[in-house]
Number of protein chains: 2
Amino acid sequence: MKLTDQKRMQILDAAEELFHSSGVEHTSMDQLALQAKVSKRTVYNHFATKDALFQAILQRMFDKLAQGGEVKFDAAVPIDQQLRRIAQDEVALLSSAAFLRVAKIAIMQVMQRPELAQLMSDSSLGCKRYIDKFLVDACTAGVLKITDIPFAGKQFIYQLKSFVFYPSLFGLEQQTPAQQAHIINEAIALFLARYQAK
Amino acid sequence: MKLTDQKRMQILDAAEELFHSSGVEHTSMDQLALQAKVSKRTVYNHFATKDALFQAILQRMFDKLAQGGEVKFDAAVPIDQQLRRIAQDEVALLSSAAFLRVAKIAIMQVMQRPELAQLMSDSSLGCKRYIDKFLVDACTAGVLKITDIPFAGKQFIYQLKSFVFYPSLFGLEQQTPAQQAHIINEAIALFLARYQAK
DNA sequence: GCACAAGTAAACTGGTTAGTGCAGTTTTTT
DNA sequence: AAAAAACTGCACTAACCAGTTTACTTGTGC
């Protein structure tokens, strides 16, 4: 690998680490250069400003997370099993270190500079990408009975987010895999109690 | 009112305003004194350090919010009506400007300095104070059937928080009263579908 | 009305930080 | 091997900011 790409990666890695642990504001470019084992001047040769570096970090982290499988509705499989697949994928994402990092950095910035807010709502990660389609298909097949599908989808996702994502984000607690399984089971039970076609 | 109390209030009001709109870090003590129409020295006569001022702000805001009625279970009233009362109170709190302010300021600080995390989990506001007791009573009366009561209480509150609180916190959208009513109705429908005793 | 508590403006201290300029070294390309 | 591109270390600027000092004025209680 070329030296210059190597250095660029060192800078991005260091920035990801420091922005996450200390916050963007509290990370000085001198610290950053030190951690990246690169001269400060080199940092500025790659990124014109601190803000440009910040943008590049967000972009790189989003790209890392953008991949991820889609669960397609299959009438031959019990609905609770399919929902469990979706929920398990989502919980794995929401509790992954990579996702928590980008979320923390992004949310801190958004709260400080509200003009960046749509940055967050625009970005579609995880099951948010396909859950509406899944629910439509399940309704069409007569397995579920939902009047407001986007709303019901949010209800399902928000269950997972509330129990798994926000507590981790605010540094309150992490869940054990057993707790995660319980959260998933209860979210599905709640959802099916309301929306399963009888 | 004595001049000194007047000045103190001006300082706290200015700090609340600026800490909210610009963040604690981005608010300088010079700006703050200007906005409060008070000399900078006077700020320091009332509050030894910026951090002391920040603590005082949080305390004042919490005190403002601490009051709020408790809904007690009443076997003579339909359960959905009672849950609606609880949800309405909670949504009113979660979407109030006062609550959003203190939450935003507190959360920004917590995310920057994770050692303050228990500050948030300790503080019990809104229906979190009494919902467990309410659910226990409802189960005892045979109206609801819940195995894990604290978990179920969280499921209910989290519905409201997810739809009302977080979107406002991140500056994404505000709900109209009609939308709020819809959110409340659906949260209750979801909850009762799962937990109402048959 | 006097004494003291509180407020004021402005300059200052000491520290931090984003970003630049430069002279010299190493790596890559041709 | 020579030219170009990238990296390095270090000193520098210009700005910002928490908190202090000083010399002075205004409000309050007795």
Side-chain angles (χ1 to χ4, degrees), chain A residues 1-60 105-106 108-113 115-116, chain B residues 1-60 105-106 108-113 115-116:
Chain A
M1 180 188 280
K2 270 186 276 194
L3 183 71
T4 178
D5 297 334
Q6 173 69 32
K7 296 286 174 183
R8 189 186 182 87
M9 238 184 53
Q10 287 174 30
I11 294 167
L12 287 169
D13 288 345
E16 188 175 318
E17 167 71 28
L18 290 177
F19 284 177
H20 174 256
S21 65
S22 315
V24 179
E25 307 292 324
H26 283 81
T27 301
S28 78
M29 298 298 265
D30 289 282
Q31 255 177 62
L32 202 153
L34 193 70
Q35 165 107 7
K37 289 177 184 160
V38 142
S39 88
K40 184 172 162 183
R41 208 60 187 76
T42 296
V43 176
Y44 279 101
N45 284 341
H46 282 277
F47 305 99
T49 65
K50 194 181 184 179
D51 204 70
L53 174 55
F54 168 68
Q55 307 274 356
I57 282 290
L58 275 197
Q59 193 56 57
R60 189 178 75 148
I105 295 174
M108 277 172 59
Q109 284 296 303
V110 164
M111 288 179 76
Q112 261 165 22
R113 294 163 49 185
E115 71 273 14
L116 305 177
Chain B
M1 181 189 279
K2 272 187 277 192
L3 183 70
T4 179
D5 296 335
Q6 173 68 32
K7 295 288 173 182
R8 189 188 182 85
M9 239 184 54
Q10 287 176 29
I11 294 167
L12 288 169
D13 288 344
E16 189 174 319
E17 166 71 27
L18 289 177
F19 284 177
H20 175 255
S21 66
S22 314
V24 179
E25 306 292 326
H26 282 82
T27 300
S28 78
M29 296 300 263
D30 290 280
Q31 258 177 61
L32 202 153
L34 194 70
Q35 164 108 7
K37 290 177 184 158
V38 141
S39 87
K40 185 173 164 183
R41 204 57 188 81
T42 297
V43 176
Y44 278 101
N45 284 341
H46 282 277
F47 305 97
T49 65
K50 194 182 186 179
D51 204 69
L53 174 55
F54 169 69
Q55 305 274 358
I57 282 290
L58 274 197
Q59 192 56 57
R60 190 179 74 148
I105 295 176
M108 279 170 59
Q109 284 296 302
V110 165
M111 289 179 74
Q112 262 165 22
R113 295 161 49 183
E115 69 273 14
L116 304 177

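Convention: sequence-line order gives letters A, B, ...; per-chain numbering from 1.
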In whole angstroms, how far is the P atom of C:dT27 from the CG atom of A:N45?
-> 16 Å
Bend angle of the helix from C:dG1-D:dC30 to C:dT30-D:dA1, from helix axes over five pairs at each end, nearest 10° = 30°
State, yes or no, whether a side-chain contact exists between A:T4 and A:H46 at a heavy-atom distance under 4.5 Å.
-> yes
Could you give the CG-to-C1' distance, from B:D5 to C:dG7, as a whole number of Å?
-> 14 Å
When every nucleotide of nucleotides 15-30 of chain D is labelled 5' to 3' by its protein contacts under 4.0 Å (heavy atoms), B for base, S for sugar-phosphate only, - for none, what sequence of letters results?
-> --SBBBB-----SSS-
Side-chain N or O of B:S39 closer than 4.0 Å to phosphate OP1/OP2 of C:dA9 = no
Between D:dA6 (C1') and A:F47 (CZ): distance, integer Å | 15 Å
Using a 3.5 Å cut-off and no angle test, enumerate the donor-acceptor pairs between side-chain atoms of residues 6-13 of chain B and protein atoms at least two apart in sequence or in another chain.
{"from": "B:D13", "atom 1": "OD1", "to": "B:R60", "atom 2": "NH1", "distance (Å)": "3.2"}
{"from": "B:D13", "atom 1": "OD1", "to": "B:R60", "atom 2": "NH2", "distance (Å)": "3.0"}

Using a heavy-atom distance cut-off of less than 4.0 Å, which residues of residues 9-16 of chain B contact DNA chain D?
-> none
Heavy-atom pair of closest approach, residues B:T49 and B:Y44 = CA-CE2, 4.4 Å
Would you indicate whether the side-chain heavy atoms of B:L32 and B:F19 approach each other to under 4.5 Å?
-> yes
Whole-Å gap separating P (D:dG9) and NZ (A:K37) = 13 Å
Do you know the tightest heavy-atom contact between A:K50 and A:V24?
-> NZ-O, 2.9 Å
Do you know the tightest heavy-atom contact between A:S39 and A:A33?
-> C-CB, 4.1 Å
Please name all residues satisfying salt bridge (Lys or Arg N to Asp or Glu O under 4.0 Å) with B:D51, sequence neighbours left out, ordered by chain then number.
-> B:R113
Using the test salt bridge (Lys or Arg N to Asp or Glu O under 4.0 Å), find all partners of A:E25 that sit at least two apart in sequence or belong to another chain.
-> none
CD of B:Q35 to CG of B:L18, rounded to nearest 0.5 Å, is 4.5 Å
Search all heavy atoms of B:M108 against all heavy atoms of B:G23 and return the closest pair with its distance.
-> CE-CA, 3.6 Å
How about A:Q55 and A:F47: do any of their side-chain heavy atoms sit closer than 4.5 Å?
-> no
